[in-house]
Amino acid sequence: MSVSLYTSRVVLNTLGVSDYGTYNLVGGVVTLFSFFNAAMSSATQRFLSFEIGQNNFIRLKQVFNATLNIHIGIGLLILILAETVGLWFVNNRLNIPVERMEAVNWVFQFSIFTFLIGVIQVPYNAMLIAHEKMNVYAILSIVEVFFKLLIVYLLVLSPIDKLKTYSGLIFVVTFIVALLYKIYCKRKFDESKYQFYYEKGLYKTLISYSGWNLFGNIASVVRAEGSNVMLNIFFGTLLNAAYGITLQIQGAVSLFVTNFQTAVNPQIIKKYAAGNLEESKKLIFQSSKFSYFLMFIIVCPIIFNIDFILKIWLKTAPEYTALFVCLCLIDLLINCISGPLMTGVLATGNIKWYHIIIGSLTFLNLPVSYFLLKIYSHPEIIFKVSISINILSLLFRLFFLKKLMGLNVKYFFYEVLLPIIGVSIGVVGCMFIITQYIILRNELLNVIFLSSCSIVISILLIWTISLSKLEKVYIINLIKTKLK
């Protein structure tokens with residue numbers, strides 16, 4: 001996270017606000033086509049974990065080869081769409097200065113091929129996670145981050161157009177990291193050695209499952225990247241820079257919970273595949289609660305010190321950045337609760353109506369935001385609409401899990417949601433009182449003081465009102481074991 005935030009600052013200063021906004025906007029157009037890949041990615045992860053849970057390693061190899069073939073097909077489809085519809089949209093519909101169009105087209109081409117590498121890499125990532133090789137996953141993630149740190153150094157030295165250089169270096173790093181994933185998987189897992197395999201029934205099952213995933217993922221991608229395009233249409237590239245910075249912070253901060261849930265998700269699916277339904281539900285409850293608290297401990301100090309953080313980090317942040325970041329982090333907290341619920345639904349395989357309902361709600365982000373922007377012209381509206389719809393989606397996810405897995409919604413409310421609400425209100429209330437009566441003259445000391453207060457109060461309230469006796473005993477024993 002530290003390296004990611006540092007590199008974002010240097011890239012922003014080196015490219016300039018307008019070019020930074022342009023890079024995020026043009027790269028976002030390519031990402032618009034990612035719904036095909038995103039749909040198949042979750043299917044790949046689910047089916048690989050499911051076969052491991054059933055100890056069927058022959059079928060595991062067949063599933064891997066089938067998913068790799070499908071991802072190659074998806075890559076070719078995205079390439080065609082990006083080079084036709086995408087290229088036309090970039091050159092004819094985006095609000096970009098004429099003198100930067102040549103650089104923009106370079107960025108677009110590099111973004112396409114960077115994305116294609118990511119598409120082919122998915123089955124290898126999924127195999128690594130399904131086998132729960134989290135130590136290797138962590139090492140490769142850290143290698144990728146430090147490669148991006150090297151990019152910053154090279155970007156500053158480069159005499160070539162900075163925007164072209166940055167997009168080209170990102171492509172090179174993506175290629176190297178993807179190669180490392182492939183080499184490791186081929187050496188350690190026999191089932192990841194490619195061998196063309198075709199079975200109509202298996203392909204039909206994978207594509208059918210992905211088809212319903214497709215609708216939900218189209219909605220998610222359109223919401224995220226459509227919001228970026230909408231900001232460009234209403235306000236220009238300067239707010240695209242603020243949006244890009246917000247996404248950088250969101251991505252860096254969410255790594256904590258994303259990697260936590262990455263480790264938990266295969267277990268939820270494996271336990272369901274093995275018939276341990278109660279254990280699977282218990283894991284969903286615990287990971288929803290702990291995901292939120294893990295994120296909350298990190299998010300609170302950022303929100304209460306956002307102006308100082310942006311001043312130190314970026315020197316001069318684009319307008320609306322502080323407000324965007326705060327609202328985005330609140331949205332992220334809600335999604336932390338939903339993550340394990342989504343995995344639970346995917347584990348059952350009965351996802352048709354889930355994606356129809358949740359996808360339809362997600363789609364509402366754009367028309368509702370567009371309508372409100374036409375009336376009020378306040379850019380933060382896109383985040384407020386997203387927060388409202390995510391809360392509604394959380395309730396619908398609980399309904400689906402009740403139907404598909406027999407999840408007790410009332411128990412979930414008392415065991416997960418009520419402690420979350422209690423801790424959140426308690427911490428925010430205490431911090432509000434502290435900020436009203438205690439303000440240190442030195443800004444840095446004030447930030448350290450407020451952050452320390454936020455973390456200590458959060459941990460105390462989590463311990464006292466949200467953890468069960470068994471959870472407290474487990475944590476105490478774990479600490480004792482580590483100290484020995």
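Remember, it's a predicted structure, so these values are computed and weren't measured experimentally.
- Contact annotation: the side chain of Tyr137 approaches that of Tyr181 to within less than 4.5 Å [non-hydrogen atoms, C-beta and beyond].
- Residues Ile151 and Leu169 come closest through the heavy atom pair CD1-O, 3.6 Å.
- Here the side chains of Trp353 and Lys403 are not in contact, with every heavy-atom distance at 4.5 Å or above.
- Thr246 contributes a side-chain N or O that, together with a main-chain N or O of Ala242, makes up a donor-acceptor pair within less than 3.5 Å.
- A heavy-atom distance below 4.5 Å is not found between the side chains of Ser227 and Asn365.
- Tyr272 places a side-chain heavy atom less than 4.5 Å from the side chain of Thr348.
- For the pair Glu191 and Leu60, the tightest heavy-atom approach, listed with the atom from each and the gap, is OE2-CD2, 3.4 Å.
- Not a single donor-acceptor pair under 3.5 Å links the side chain of His131 to the backbone N or O of Met127.
- The side-chain contact (heavy atoms from CB on, under 4.5 Å) test with Asp331 singles out one residue from Val385, Ile391, Asn390, and that residue is Asn390.
- Every pair tested for side-chain hydrogen bond (donor to acceptor under 3.5 Å, both in side chains) that includes a residue from residues 372-381 fails, sequence neighbours excluded, so the list is empty.
- The aromatic rings of Tyr243 and Phe324 stand perpendicular to each other, their planes meeting at an angle above 60°, with 30° marking the opposite boundary.
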Residue pair Leu329, Ile298: steps toward the side chain to side chain contact (heavy atoms under 4.5 Å, CB included) verdict: CA-CA 10 Å; Leu329 291 179; Ile298 299 163; over 6 Å; no
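- Relative orientation of the Phe412 and Phe285 rings is perpendicular, given thresholds of 30° and 60° on the angle between their planes.
- Evaluation of the salt bridge (charged side-chain N to carboxylate O under 4.0 Å, His left out) test over residues 53-64, restricted to residues two or more places apart or in two chains, returns Arg59-Glu199.
- A donor atom on one side chain and an acceptor atom on the other are found under 3.5 Å apart for Asn125 and Gln121.
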Derivation and outcome, salt bridge (Lys or Arg N to Asp or Glu O under 4.0 Å), residues Glu278 and Lys282: CA-CA 6 Å; Glu278 291 305 313; Lys282 181 181 177 182; over 6 Å; no
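- When atom types are taken as modelled, the side chain of Lys162 and the backbone of Val11 share no donor-acceptor pair closer than 3.5 angstrom.
- Taking each heavy atom of Tyr292 and Leu333 in turn, the nearest pair found is CD1-O, 3.5 Å.
- Residue Phe234 places its CZ atom among more than 12 non-hydrogen atoms of other residues, nucleotides or ligands, all under 6.0 Å distant.
- Of all the heavy atoms in Gly344 and Met405, the pair that sits closest is O-SD, 3.6 Å.
- Between the CD1 atom of Ile120 and the CZ atom of Phe175 there is a distance of 12.0 Å, given to the nearest 0.5 Å.
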Verdict with supporting geometry, Leu154 and Thr165, side chain to side chain contact (heavy atoms under 4.5 Å, CB included): CA-CA 9 Å; Leu154 295 175; Thr165 303; 6.0 Å; no
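- Around atom CD1 of Ile58, no more than 12 heavy atoms belonging to other residues, nucleotides or ligands sit under 6.0 Å away.
- Checked against the 6.0 Å centroid threshold, Phe47 and Phe64 do not count as a close aromatic pair.
- Sequence neighbours left out, the pairs with a member in residues 164-178 that pass salt bridge (charged side-chain N to carboxylate O under 4.0 Å, His left out) are Glu102-Lys164.
- Counting non-hydrogen atoms of other residues, nucleotides and ligands closer than 6.0 Å to CZ of Phe371 gives a total of 12 or fewer.
- Distance alone, capped at 3.5 Å, places no donor-acceptor pair between the Ser291 side chain and the Ile337 backbone.
- Side-chain N or O atoms of Arg46 include one that pairs as donor or acceptor with a backbone N or O of Leu346 at under 3.5 Å.
- The shortest distance between side-chain heavy atoms of Phe110 and Ile170 does not fall below 4.5 Å.
- Within the 4.5 Å cutoff, no side-chain heavy atoms of Val119 are placed close to those of Leu77.
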Stepwise side chain to side chain contact (heavy atoms under 4.5 Å, CB included) test for Val145 and Leu149: CA-CA 6 Å; Val145 167; Leu149 185 61; 5.9 Å; no
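- Under the 4.5 Å side-chain criterion, counting only non-hydrogen atoms from C-beta, Thr343 is not in contact with Ile284.
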Derivation and outcome, side chain to side chain contact (heavy atoms under 4.5 Å, CB included), residues Met342 and Ile358: CA-CA 10 Å; Met342 288 187 276; Ile358 301 299; over 6 Å; no
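- Counting only N and O atoms by type, the side chains of Gln62 and Glu51 include no donor and acceptor under 3.5 Å apart.
- The minimum heavy-atom distance linking Pro123 with Leu48 is given by the pair O-CD1, 4.2 Å.
- Closest approach of Met134 and Thr262 over heavy atoms only: CE-O, 3.6 Å.
- Between Cys328 and Ile249, the closest side-chain pair of non-hydrogen atoms is not below 4.5 Å.
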